[in-house]
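The block underneath contains the structure these notes are about, expressed in structure tokens.
The model shown is predicted, which means the values in this text are computed figures rather than measured ones. Just the heavy atoms: all of them, side chains too, but no hydrogens, waters or symmetry mates, feed the values below.
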Amino acid sequence: MLINCPFCGLRDLGEFSVNGEAVARPVAHDDFDDADLRASFVDAVYFRDNPAGLHREYWFHAAGCQSWLLVERDTRTHDISKVELARSQEHDKEMTS
Amino acid sequence: MTFSAFELVKNALTGQAGWQPHWRKARPKPAYDVVIIGGGGHGLATAYYLAKNFSITNVAVIEKGWIGSGNAGRNTTIIRSNYMLPGNIPFYELGMKLWESMEQDLNFNTMVSQRGVLNLYHSDAQRDSFARRGNAMRIHGVDAELLEREAVRAMVPYLDFDNARFPIRGGLLQRRGGTARHDAVVWGYARAADRRGVDIIENCEVTGLRIEHGKILGVETTQGFVGAGKVGLSVAGSSSRVAAMAGMRLPIEAHVLQAFVSESLKPVIDCVVTFGAGHFYISQSDKGSLVFGGDLDPYPSYAQRGSLATFCDVMENAVAMLPMLSRLRILRNWGGLIDMSMDGSPIIDRTPTDGLFFNGGWCYGGFKATPAAGFCLAHFIASGDPHPAAASYRLDRFARGCVIDEKGAGPSPNLH
Amino acid sequence: MTGGFRLPESGLIDRSRRISFTFDGKPYRGYAGDTLASALLANGVRIFGRSFKYHRPRGVLGSGHEEPNALVELRVNARREPNIKATTVELYEGLEARSQNRWPSLGFDAMALNGLLKPIFAAGFYYKTFMWPAPFWEKVYEPMIRRAAGLGAAGVSEDPDSYERAHAHCDVLVIGGGPAGLTAALTVARSGAKVVLCDEDARLGGRLLHESQILDGKPARQWVDEVVGELAAMSNVQILTRTSVAAVFDGGVYAALEHVADHLVKPAPFMPRQRFWRIAARKAILASGAIERPLVFPGNDRPGIMLASAVRGYLYRFGVAVGRAIAIYTATDDGWTTARELIKAGIKPVAVIDRRTKAPDLFADVADAVPVVLGGRIIAAKGAKGVNSITVENASGRHEYAVDAVASSGGFNPSIQLASHFRGRPAWNDEIQSFVAGDSIGGLTTAGAATGIYALGDVLQSGSATALAALAALEHPAKAIALPIAEPEATGLTAAWWQPGNRDTGAKAFVDYQHDVTASDVVLAHREGYRSVEHLKRYTTLGMATDQGRTSNLDALAIMAQLTGRSISETGVTLSRPPVAPIAIGAVAGDHKREAFRPVRETPIHGYALERGAIFVDVGQWKRPQYYPFPDDADLLATANREVNQVRSQVGVTDVSTLGKIEVEGPDAAAFLDRVCAMRPSAIKIGRCGYLIMLREDGILLDDGMFARFAEDRYVAYVSTAHAASTYRHMQYCRQVLWPHFDVNLTAITDVWVQLAIAGPKSPAVLQALVDPPVEITRAAFPPMKAAEITVCNGVPARLCGLSFSGERSFELGVPAGYGKALIRRVMEVGAPYGIVTYGSEAMGVMRIEKGHPAGGEVNGQTTAYDLGMERATAKDKDHIGQILSRRPALIDPARPRLVGIKPLAPTDRIRGGAHIFPKSAIPSPETDLGWISSSCYSPTLSSWIGLALVSGGPDRIGEKVSVYDPLRNSEVAAEIVPSCFVDPKGERSRV
């Protein structure tokens with residue numbers, strides 16, 4: 001598998017490590033023992049859509065620019081349709097909305 | 001027909017004409033007491049134990065392809081009960097006892113071979129961790145031995161003892177561990193379940209679950225609707241997809257685990273050996289092939305093919321552990337789809353849907369769990385309560401915080 | 001006389017170079033350019049080996065990688081290799097080969113008795129037997145089966161050869177250098193695009209080397225020479241011969257194995273035996289040709305019965321006639337071509353037996369020259385050590401022929417294994433009665449015979465057209481090349497599968513030669529319900545041998561199709577698995593073996609530790625000094641005791657450079673770290689150190705360590721060696737993914753700073769001698785937990801922290817890596833008057849256990865801050881990673897295993913890591929198990945063995961008497977639960 005890093009270009013899988021599905025971290029409020037809040041964290045940390053198809057996931061270019069990347073990849077074919085910096089503005093909005 | 005020496009000779013003399021199909025090619029009936037989705041080892045074992053232990057025989061096993069087409073036929077055939085955590089040991093030991101009596105129970109030679117499973121250690125810290133595990137096993141009545149380097153050498157003389165990057169210091173041995181012939185386990189359970197009246201329906205894909213008012217009514221399949229009082233899901237590799245039919249999300253990611261076989265060779269490796277300085281395990285089958293594997297591919301996948309990076313990594317581990325492997329050749333490589341759970345341990349539980357039960361999340365270890373998973377899922381389905389040996393494998397453990405994380409890798413499936 | 005012989009001329013062998021070799025110890029001679037198989041055939045050898053199960057004598061079936069029978073053991077001693085196909089071994093001077101799976105000799109094999117038991121040893125018989133009595137399986141039956149199974153024996157000594165990995169990149173990879181591959185490569189090459197051309201043979205040309213075609217009125221071999229000459233001269237072309245493409249991976253990555261030195265006695269110095277290529281190609285063309293399939297008939301495994309195309313290949317490539325009385329048994333026009341070629345070579349076939357009732361057009365010359373049996377089939381082949389007669393049946397009755405070889409032609413199967421690696425489903429093609437590749441997947445397209453096109457003119461055209469299409473897809477301009485004109489070629493055939501009848505006659509009709517699977521086995525599998533192709537394969541072991549069923553799968557599928565009343569297409573096909581041909585494990589591993597298995601990381605002052613005689617220990621990839629033995633130290637324990645005592649009484653220095661160091665800088669550094677860490681980094685004062693606790697989001701401890709805050713906006717995190725990389729990755733995740741709005745930067749500086757810990761009551765004096773004025777190392781001026789950026793040794797920039805892991809007054813001093821060696825020498829110099837020692841990780845470990853500091857055994861991915869007694873340091877009122885989930889009920893249960901100290905009642909009783917802990921006098925059981933020893937050591941300070949343990953409700957059990965139970969090592973020790981800090985619990989020593 002080759003990943004097209006926005007900084008480094010097309011690079012081999014071996015340079016990266018993967019963190020799995022791109023899940024937003026729930027926004028905590030003041031009551032840290034709130035049951036719904038805890039449930040939302042349990043859900044975010046442990047539960048996955050695990051789709052057979054398009055999958056948004058985080059990769060870390062460890063042996064490269066050390067960027068975290070947001071990769072869109074089909075889990076059935078491993079075809080990568082999009083690679084962008086995880087910190088890109090567009091993504092920020094998406095993850096916080 | 002019961003297999004016996006008499007039948008074998010009789011058929012040898014009559015051109016093998018007297019044998020019959022090992023299981024009927026069943027068509028679905030309109031309804032069953034229990035439908036098991038997934039004709040792998042686990043599903044078939046569940047049906048067998050429902051019939052045998054609970055006399056529930058109005059059971060169908062529904063398989064989308066041919067039985068054993070999933071991980072039951074794509075693993076490295078290792079059986080063992082060398083676990084560390086209290087939530088795991090009783091379950092795998094129940095399994096080990098079932099392996100030990102399997103052939104007579106099923107009247108099918110599944111070639112259970114207790115050749116020993118040896119985990120190598122390379123550092124003091126690793127030895128201490130293995131000691132913690134081995135002692136936990138002993139306390140649970142499971143056999144375990146901590147071997148020093150020379151005892152390891154006597155068992156597996158061709159390991160790299162002299163020039164290794166990470167010298168071998170010793171090993172944790174479970175003598176009762178070993179291997180079994182994976183396909184035969186599937187066929188043995190299928191035949192035994194069939195003989196007790198279970199319908200095994202192949203080439204029948206489940207396309208939906210019929211649920212009304214929170215209760216399961218049956219399954220929609222490519223061969224029509226099949227009614228069911230209770231339904232068990234046993235579809236590792238596809239767990240999330242099938243569970244989604246009941247609106248469930250699971251703490252599971254699908255990953256590819258590669259396995260390898262070498263050409264057939266005269267015996268050189270007698271037991272199962274695992275490397276402690278990398279992820280690698282190897283054994284030699286009765287047919288002479290070396291069967292081995294290593295780390296899973298780190299990214300979620302449903303593609304049933306592995307990466308070159310992992311392929312290379314496994315071979316590096318192979319030669320590092322056993323330099324004699326260098327000139328031997330890989331004959332075949334394949335990738336199995338495994339359910340990686342978020343704590344590395346499985347799930348056997350009821351679901352929020354009344355009458356729907358789930359079995360999955362077996363990570364690397366589904367094959368060895370085949371008999372015990374079937375046994376415990378059958379118990380749960382029949383009695384409505386978890387089997388004591390599998391009482392820790394509940395879905396709510398994540399919310400409660402009592403995960404069963406043998407490796408301490410945390411909720412990162414690719415690290416387990 | 002029977003068997004093969006060398007023709008007086010013809011062939012691509014070099015008759016001026018004779019080569020001597022041995023087979024089973026007997027000397028033979030061949031020529032340069034021979035394979036082992038061709039040379040043995042030329043010498044009249046017929047039996048090459050014994051089959052897997054029945055130990056039947058076997059000869060050669062084919063002429064390449066499809067060979068199922070002629071497997072030999074090659075070379076001797078450490079270079080011995082089992083299961084080598086004689087058809088793929090290039091002959092070299094001094095070659096030594098032996099037959100396999102026979103005892104005592106190839107001619108007489110005692111295990112051939114298995115053949116007599118054949119009626120019992122049918123497919124799947126193992127599963128029905130060996131179950132009585134139960135213990136006999138492992139003790140009697142299985143050892144017997146294991147000894148009997150396996151073909152060759154593995155060498156057990158170390159491989160003396162080396163391997164290397166190489167990388168190539170191209171626009172188009174062409175796999176196969178036959179006619180289609182050559183026109184494809186030429187088309188790409190002339191367009192200027194980059195092409196890599198691989199062929200498993202030593203010479204390019206493919207089937208054109210094995211046949212007598214004419215192109216543009218000249219021998220095709222001449223055309224091959226011209227094309228190869230042109231390609232070789234082009235700078236955008238890389239030709240890899242003796243290279244088989246083994247597998248395809250995602251993203252157009254191909255693995256290929258180049259046999260660099262397998263045609264030599266041994267590799268030349270510095271020459272790898274094999275080279276493992278990783279080829280990244282934007283497009284690939286699979287021009288791998290097609291393999292003939294044999295016809296199935298009783299006795300078809302007898303030596304001398306071969307593929308017709310192989311018979312022709314031996315004739316033309318090697319100048320070898322495989323027999324003197326050859327019968328052609330064919331369902332194809334191609335079989336007639338072989339007959340014609342034999343006639344031309346002066347070896348008139350005994351007969352042409354065609355399954356069809358009508359002779360094909362274009363072969364009148366053959367029909368005139370040899371007896372033809374139309375609508376015929378072979379119903380028996382006899383000959384214990386090689387075929388000597390066949391019985392043929394057709395409408396006119398039975399005919400017996402004396403033969404010494406049979407050329408069998410059942411049609412050609414495209415070699416599409418690679419196309420299946422992406423799970424591309426092969427598609428049935430009625431015209432050729434075989435499967436072709438399905439849709440192009442992953443940039444790989446088939447061309448030539450691999451697509452089921454067999455006439456040479458079409459094949460050439462196909463290669464070129466496929467290349468043009470690939471270039472078009474790459475938007476690379478290209479022109480069609482002029483193709484040579486081929487002569488017309490007949491490629492007709494009929495389906496001629498084994499037909500299972502009412503009476504089973506297939507017991508000796510072999511489908512899979514290597515695994516001894518017969519037509520009857522397929523019938524039995526069907527009878528017992530193993531009807532899906534995968535069940536058939538697994539139940540009978542069909543196609544699982546080293547040839548992966550190249551010559552057998554389709555014949556078996558056809559039988560199953562007839563039994564189930566389905567078409568072959570409906571019956572399906574098993575997918576080929578990588579690698580295409582077996583590849584050596586060592587070749588893939590490359591030079592990652594022995595000490596070079598994984599990189600070695602050494603700190604910048606590793607060399608100094610070596611000078612001091614340090615013994616090193618592996619910590620991850622690092623080599624850390626474990627202890628510095630004196631000549632009269634009895635053992636590790638003695639050294640460690642001495643080092644500990646010296647630190648606690650005087651002063652010592654140790655290299656802690658392996659600890660992870662991460663610099664955190666920016667206006668939002670404090671705010672960022674407050675989110676990342678469970679304590680409150682923002683509360684650490686500038687110029688001070690503070691504890692570092694990081695949790696995972698699931699509330700489990702990720703790592704602990706220390707912070708130094710050198711400025712308002714600048715921290716350095718010191719984290720554990722083991723977690724350095726993952727902690728850095730995690731912090732980057734927090735910065736880039738979770739909270740990108742923070743203005744903060746992270747730099748991993750582990751490798752660029754050397755860090756020394758200087759510990760002991762005399763450490764202030766040593767430090768004072770190092771630091772540049774006006775820094776003062778006094779209790780008041782540089783108290784514990786102070787952090788400062790200073791200079792040492794006349795201007796060397798340094799970071800100094802008053803940190804203690806040992807419990808003594810202690811400093812951690814960092815300098816840029818290049819100064820490291822000079823610094824430690826200077827430390828030893830100025831420390832000498834104070835009796836300074838270097839101490840290793842062992843002594844450091846002892847001191848940290850004495851102080852109750854958690855390390856790897858405690859921070860093991862299963863424990864929480866609460867478990868390790870750190871909860872007081874964590875902030876309960878801010879949102880940080882792990883805050884929410886660390887509050888789950890099971891993670892704050894007081895009964896969790898929590899950190900305590902363990903002290904044996906008798907100080908000399910050793911307690912070991914991994915022992916479990918039970919209440920005194922309790923019977924050990926899962927229910928009474930309290931926990932385990934996570935770390936242990938002998939404490940010279942207390943003159944006692946001590947341990948840290950994780951004990952259920954531990955801190956609430958201080959003072960309880962327990963049993964430390966270690967059944968693995970037959971030990972049980974009476975002990976007491978004590979606080980985890982054994983030495984100086986008030987921390988007075990660190991403040992002197």
Filtered by a 4.5 Å non-hydrogen cutoff, the part of residues 233-245 of chain B contacting chain A is B:S240, B:R241

Most heavy-atom pairs under 4.5 Å with chain B, out of A:E21, A:R76, A:E57, A:R38, belong to A:R76

Counting heavy-atom pairs under 4.5 Å with chain B, the top scorer among A:T77, A:N50, A:V42, A:T75 is A:N50

Closest heavy-atom pair, A:L13 versus B:S307, reported as atoms and distance to 0.1 Å, is CD2-CB, 3.5 Å

Minimal heavy-atom distance between B:P251 and A:F47, with the atoms involved, is CD-CE2, 3.4 Å

Cut-off 4.5 Å, heavy atoms of chain A, and the answer for B:I252 is both

So, the part of B:V403 with a heavy atom under 4.5 Å from chain A: the answer is side chain

**Message:** For B:Y299 and A:H78, I'd like to know if the aromatic rings sit close, meaning centre-to-centre distance below 6.0 Å.
**Reply:** yes

Value for NE2 (A:H55) from OG (B:S301), rounded to nearest 0.5 Å, stands at 10.5 Å

Rounded to the nearest 0.5 Å, the CG atom of A:D49 sits from the CD atom of B:E253 at a distance of 10.5 Å

Cut-off 4.5 Å, heavy atoms of chain B, and the answer for A:V18 is both

Whatever's closer than 4.5 Å to a heavy atom in chain B on A:D74 counts as neither

Query raised in the report: Between A:R73 (side chain) and B:P300 (backbone), is there a donor-acceptor pair under 3.5 Å?
Result: yes

Q. So, do A:D43 and B:R249 sit near enough that their side-chain heavy atoms are less than 4.5 Å apart?
A. yes

So the side chain to side chain donor-acceptor pair (under 3.5 Å) pairs with at least one residue in residues 405-416 of chain B (sequence neighbours excluded) are B:N88-B:E406

Residues passing the side chain to side chain contact (heavy atoms under 4.5 Å, CB included) test with A:D30, sequence neighbours excluded, are none

Applying side chain to side chain contact (heavy atoms under 4.5 Å, CB included) to B:D396 and not counting sequence neighbours gives B:R394, B:R400

Side-chain donor-acceptor contact under 3.5 Å, B:D343 with A:Y46: no

